[in-house]
Every structure is written in C-alpha cells, then in structure tokens.
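In what follows, every heavy atom counts, from backbone to side chain, and hydrogens, waters and symmetry copies are set aside. Note on naming: letters A, B, ... go to the chains in the order of the sequence lines (proteins, then strands), and numbering restarts at 1 for each one.
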Amino acid sequence: MISDKNMEERNDAFDSAIREKMSGHEPVVPHALWTRISAELNESEEVATPAMPQIVPPASATPWWRVAAAAAVILTVGAASLLFILQPESENMTAAAKPAGKNAPAATVATQTPETPQVAVALTPAIEKKATTPVVPKTALPAISKSVADKAPEPKATQIVTPAAGDNDAALASAPAVSPASTLDMGNVPAFSLKRLSSPESLNDEITIIKSAPSKKKHHKHNGDEETTRVIILNKKFESQPDIRYQLPVRF
Amino acid sequence: MAVATKPTYSEQDIIEGCVKGDRKFQELLYHTYSSKMFSVCLRYANEYATAEDLLQEGFVKVFKNMEKFRGEGSFEGWIRRIFVNNSIEHFRKKANMYVVQETEALTYEYYDDNALSKLMKEDLLKLIQSLSSGYRTIFNLYVIEGYSHKEIAVMLGVTEGTSKSQLARARYLLQKKIVDLMPHMKYELPDQEASI
C-alpha cells in the first residue's frame with residue numbers, strides 16, 4: 001500500500017515529468033492556417049469600415065418653403081418690434097397708417113369727424129401751415145377718429161362740430177389737422193404743441209389759442225360761440241376721461 | 001556579390017506593426033509563435049481539427065486586442081494566456097466536473113516514471129487528448145500551465161475541492177493509460193514495487 005506522503009511525491013514527480021516532456025513540444029503548423037487567419041482579419045476589417053461612403057443628401061434638409069416662411073415670420077416680427085420700439089404707446093398709429101379706399105364715402109368722414117376735434121384742437125397751431133396740402137386726408141381721418149370714438153362715451157359732444165350733411169368741404173378742411181402726414185412726419189410738428197399737450201393743464205391754453213386765433217379756413221362757417229362751446233365740451237370730456245387726455249399727446 | 005538578407009525586427013517592432021494592422025508584421029508574429037501556441041491548443045483540444053480552430057480563433061483575438069498589451073510581463077506569456085483562456089471558453093460548456101470520492105485511489109499502482117520517459121511526445125499528447133474535457137482542462141492548467149487550485153477554481157467557476165479531485169482523477173487515468181500503452185511495463189512494475 002502506498003502511503004500519502006509517498007503518493008504526493010510520486011504525483012509531483014509525475015507532474016514534473018509531464019511538464020518537462022511537453023515543454024519542448026512544438027508541432028508543425030499547417031501552412032494554410034495563416035491564409036484562413038488573414039482572410040478572417042480582412043473580413044472583420046471590411047465589416048468595420050465600409051468601402052465607400054455614399055454622398056447622399058440629408059433626408060432632414062429643410063425645404064425651401066420652410067426657409068421662406070421662417071424668413072417672412074422673422075421680418076414681420078422684426079418690423080413689428082421696430083415699430084413698437086419707436087412708438088411704443090401709439091396703438092392708434094398703425095390704425096391711422098392703414099390705407100383706406102380712395103373712394104371712401106364722404107358721409108363716413110362726416111360722421112367720424114365729430115371725434116377728431118379732440119386731436120384737431122391740439123394740432124391746429126402746429127400743422128396749420130402744412131394742412132394746405134394734406135397727404136392722406138380722407139383715409140387717415142376715419143381710422144384715428146374711430147380709435148378715439150371707441151373710448152369716447154359721449155356721442156352727444158360730437159354733434160356740435162358735425163358739419164352739415166353734404167358739406168364735405170368742412171369735413172375735408174378739418175381733416176388735414178389730423179392727417180397721418182402730421183402724425184407720421186414728426187419733424188413738422190413743433191415742439192411747443194407737443195409740450196402743451198403733454199400736460200393736462202395745457203387744455204386751457206389750447207382753448208385760448210383757438211379762441212384768439214381761430215382758423216378761418218377751418219371754421220369759416222362757424223361763429224366764435226360755437227367754437228367756444230365745442231372746446232368747453234371737449235374740456236369736460238377730457239376731465240371725465242383723463243386717460244384719453246393723457247394719451248392724446250403721446251400719439252403725436 | 002551582395003547577398004540579400006531578410007530584415008530583422010525586434011519584438012517591439014512587431015508589436016507596433018501589429019497594432020497598426022500591418023499584415024506583414026502580423027504574419028511575422030504568427031510564424032514566430034504559431035508552433036508554441038499550436039501545442040497549447042493541441043493539449044486543450046481533443047482532436048487535431050479542433051486545435052486548428054482554436055489556433056485560428058486565438059490569433060484573431062491576439063491581433064484584435066494587440067493595443068491592450070501594456071508591456072507588463074513577457075509578450076509570449078500574454079499571448080499564451082489569450083490562447084489558454086480561449087481554449088477554456090471553448091470547452092467550458094462541454095466540461096463535466098465530477099467530485100471524486102476520497103476513498104477512490106489517486107495514483108495508479110502500476111505506474112512508474114520509467115514508463116513516461118520512454119513515451120514519445122506525440123503519444124503523450126494523444127493520451128492527454130483522450131481525457132474528458134473537464135479532466136484535460138484542469139490537468140493542463142495545474143500540471144503544465146502551473147496554476148494553483150485556487151486560480152483554477154476562479155477561472156472555471158468551481159470550488160478548489162472540485163479542482164483537486166478532478167486533477168487527481170485525471171492523473172490517475174493518465175497514468176493508467178500510459179501503463180496500458182506499454183503492457184510490458186505493467187508486469188515489471190509489481191516486482192519493483194515489491195522490492196521497495
């Protein structure tokens with residue numbers, strides 16, 4: 001019987017003999033093996049790197065009409081922003097600049113004019129000289145007067161200055177005072193007129209001006225009492241609506 | 001008359017060339033180590049064709065992972081480890097581990113060292129290949145590669161006891177095969193043992 005110690009020694013000797021026997025073993029390798037390995041490496045490299053990258057236009061390219069639409073939106077927003085920055089509080093400015101039909105009925109102008117004296121009173125001394133050649137007398141008048149009429153609660157006051165039916169001359173004569181030419185062309189508006197309008201107390205001054213030097217061309221069919229009455233009513237109207245009163249100077 | 005001599009490359013040149021994917025240096029590396037690595041593959045494989053497949057797989061892995069060699073240790077040892085791990089992975093699913101009972105004999109009683117010395121290398125290789133994959137793997141790892149039972153247990157995912165018992169069983173079977181290959185020694189051994 002072999003003892004455990006003797007058995008371990010025999011096993012160690014056996015392992016050493018095996019290790020020594022196999023250490024120098026270098027069998028002949030088949031020649032075709034490198035060809036197979038090289039072919040496998042070539043296949044793996046071809047899979048990893050495609051032969052020729054195709055030049056294909058990107059499928060997600062933005063179409064021309066999207067670019068055009070985006071440009072239009074940008075220009076529109078930019079223009080609106082520019083107008084807003086230049087005249088931030090002139091919400092009626094764009095309405096006045098809207099072109100109206102050339103053949104706007106005179107009755108429409110006449111019915112809208114009652115509200116315009118609020119503006120006409122202020123601008124009369126400032127643009128009276130330029131009023132002889134109005135740029136857009138008919139078209140801008142309804143727009144401005146309409147915007148003012150939306151805030152005016154007393155239509156009764158407008159009846160005083162309403163010219164007679166068919167009297168287009170009176171309506172047209174008063175129109176240049178509020179024409180968009182005077183609003184858009186700020187260079188023609190004297191500074192003192194804006195300054196007076198900027199304070200609520202300036203209304204009395206305006207009344208004085210109208211009384212003292214009424215435009216003959218503008219009010220040739222009205223006597224002084226009528227003008228006085230009109231201004232007084234306007235004054236009351238402004239007092240009842242301070243917001244409108246403060247907004248008026250800003251429009252110009 | 002000038003004689004054209006082949007350019008000699010150092011091991012570092014071969015490694016750098018293989019890292020760049022130069023096929024010339026890869027072939028040079030293959031011819032340098034293919035014979036030694038084929039011996040490893042033959043020991044872990046049960047037949048010649050399987051050893052060829054293991055050699056091909058091993059060299060492809062070497063070339064694809066060449067940039068991972070950091071110069072720690074010998075380059076031949078790094079390549080050998082790749083081949084051993086590849087062989088283990090190849091036979092992992094086929095390996096059947098048996099826990100040998102302690103009462104079973106661990107050494108074939110008729111074996112003698114003289115029998116192994118008279119044996120040819122190719123014959124010994126065939127005997128190793130004739131072992132089952134589980135025995136063969138642990139025998140190669142412990143006896144020839146020099147791994148401990150603890151390392152083998154980690155590599156194969158078995159316990160150290162399993163590794164020991166598998167090795168004992170593999171050794172016993174190989175000794176018996178050696179004695180069976182040379183029947184004349186079988187009858188001489190008892191006399192020697194009796195003399196001891």
Visitor: Heavy-atom count check: over 12 atoms from other residues, nucleotides or ligands less than 6.0 Å from A:E20 CD?
Guide: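 Not more than 12 within 6.0 Å, no.
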Visitor: Can you see which heavy atom on B:Y142 is nearest to which on A:R19, and at what distance?
Guide: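 Scanning both residues, the minimum pair turns out to be O-NH2, 4.2 Å.
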Visitor: Calculate, to the nearest 0.5 Å, the distance between atoms CH2 and CZ belonging to A:W34 and B:R23 respectively.
Guide: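 Reported to 0.5 Å precision, the distance equals 6.0 Å.
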Visitor: To the nearest 0.5 Å, what is the distance between NZ on B:K121 and OG on A:S23?
Guide: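 That separation rounds to 6.0 Å.
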Visitor: At a 4.5 Å cut-off on heavy atoms, which part of B:M120 comes close to chain A: side chain, backbone, both, or neither?
Guide: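 The backbone, not the side chain.
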Visitor: Could you check which of B:I128, B:L174, B:V60 has the highest count of heavy-atom pairs closer than 4.5 Å to chain A?
Guide: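 Of the candidates given, the most pairs with chain A belong to B:V60.
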Visitor: Measuring from A:N11:CG to B:Y172:OH, what's the distance to the nearest 0.5 Å?
Guide: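 That separation rounds to 12.5 Å.
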Visitor: Given that the side chain runs from C-beta out, which part of B:E145 has a heavy atom under 4.5 Å from chain A: side chain, backbone, both or neither?
Guide: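 Neither the backbone nor the side chain of B:E145 comes within 4.5 Å of chain A.
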Visitor: Less than 4.5 Å apart, side chain to side chain, heavy atoms only: is that true for B:F38 and A:V28?
Guide: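 No, every pair of side-chain atoms sits at 4.5 Å or beyond.
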Visitor: Examine whether an atom of B:Y33 lies under 4.5 Å from a heavy atom of chain A, and if so say whether it belongs to the side chain, the backbone or both; otherwise answer neither.
Guide: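 Neither; nothing under 4.5 Å.
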Visitor: Tell me, do B:R171 and A:I18 make a side-chain contact under 4.5 Å, heavy atoms counted?
Guide: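 They are not in side-chain contact.
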Visitor: Considering only heavy atoms from C-beta outward, does the side chain of A:P30 approach that of B:E52 to under 4.5 Å?
Guide: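 SC-SC contact between A:P30 and B:E52 confirmed.
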Visitor: Whether the side chain of B:S39 engages the backbone of A:H25 through a donor-acceptor N/O pair (distance < 3.5 Å, no angle test) should be reported.
Guide: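 Yes; at least one donor-acceptor contact below 3.5 Å.
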Visitor: Could you tell me whether A:R36 and B:D53 make a salt bridge, using a distance below 4.0 angstrom between a side-chain N and a carboxylate O?
Guide: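 Salt bridge present between A:R36 and B:D53.
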Visitor: Of all heavy-atom pairs between A:M22 and B:L125, which one has the smallest distance, and what is that distance?
Guide: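 The pair with the smallest heavy-atom distance is CE-CD1, 3.9 Å.
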Visitor: Would you check if B:S34 and A:L33 make a side-chain contact, meaning some heavy-atom pair closer than 4.5 Å?
Guide: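 B:S34 vs A:L33: side chains apart.
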Visitor: Atom CG in A:L41, atom CZ in B:F63: separation rounded to 0.5 Å?
Guide: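 Answer for the CG-CZ pair, A:L41 versus B:F63, is 6.5 Å.
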Visitor: Name the region of B:L124, side chain, backbone, both or neither, that has any atom closer than 4.5 Å to a heavy atom of chain A.
Guide: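 Side chain of B:L124 only, per the 4.5 Å heavy-atom cut-off to chain A.
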Visitor: Taking the side chain as every heavy atom from C-beta outward, state whether B:I178 and A:F14 have any atom pair closer than 4.5 Å.
Guide: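 Yes, at least one pair of side-chain atoms sits under 4.5 Å.
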Visitor: To the nearest 0.5 Å, what is the distance between CE on B:M37 and CD on A:E26?
Guide: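 Answer rounded to 0.5 Å: 9.0 Å.
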Visitor: Could you walk me through whether A:S38 and B:E27 pass the side chain to side chain contact (heavy atoms under 4.5 Å, CB included) check?
Guide: CA-CA 8 Å; A:S38 179; B:E27 186 176 4; over 6 Å; no
Visitor: Determine yes or no for a side-chain-to-main-chain donor-acceptor pair under 3.5 angstrom, with A:K21 supplying the side chain and B:L116 the backbone.
Guide: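 Pair found, side chain donor or acceptor close to backbone of B:L116.
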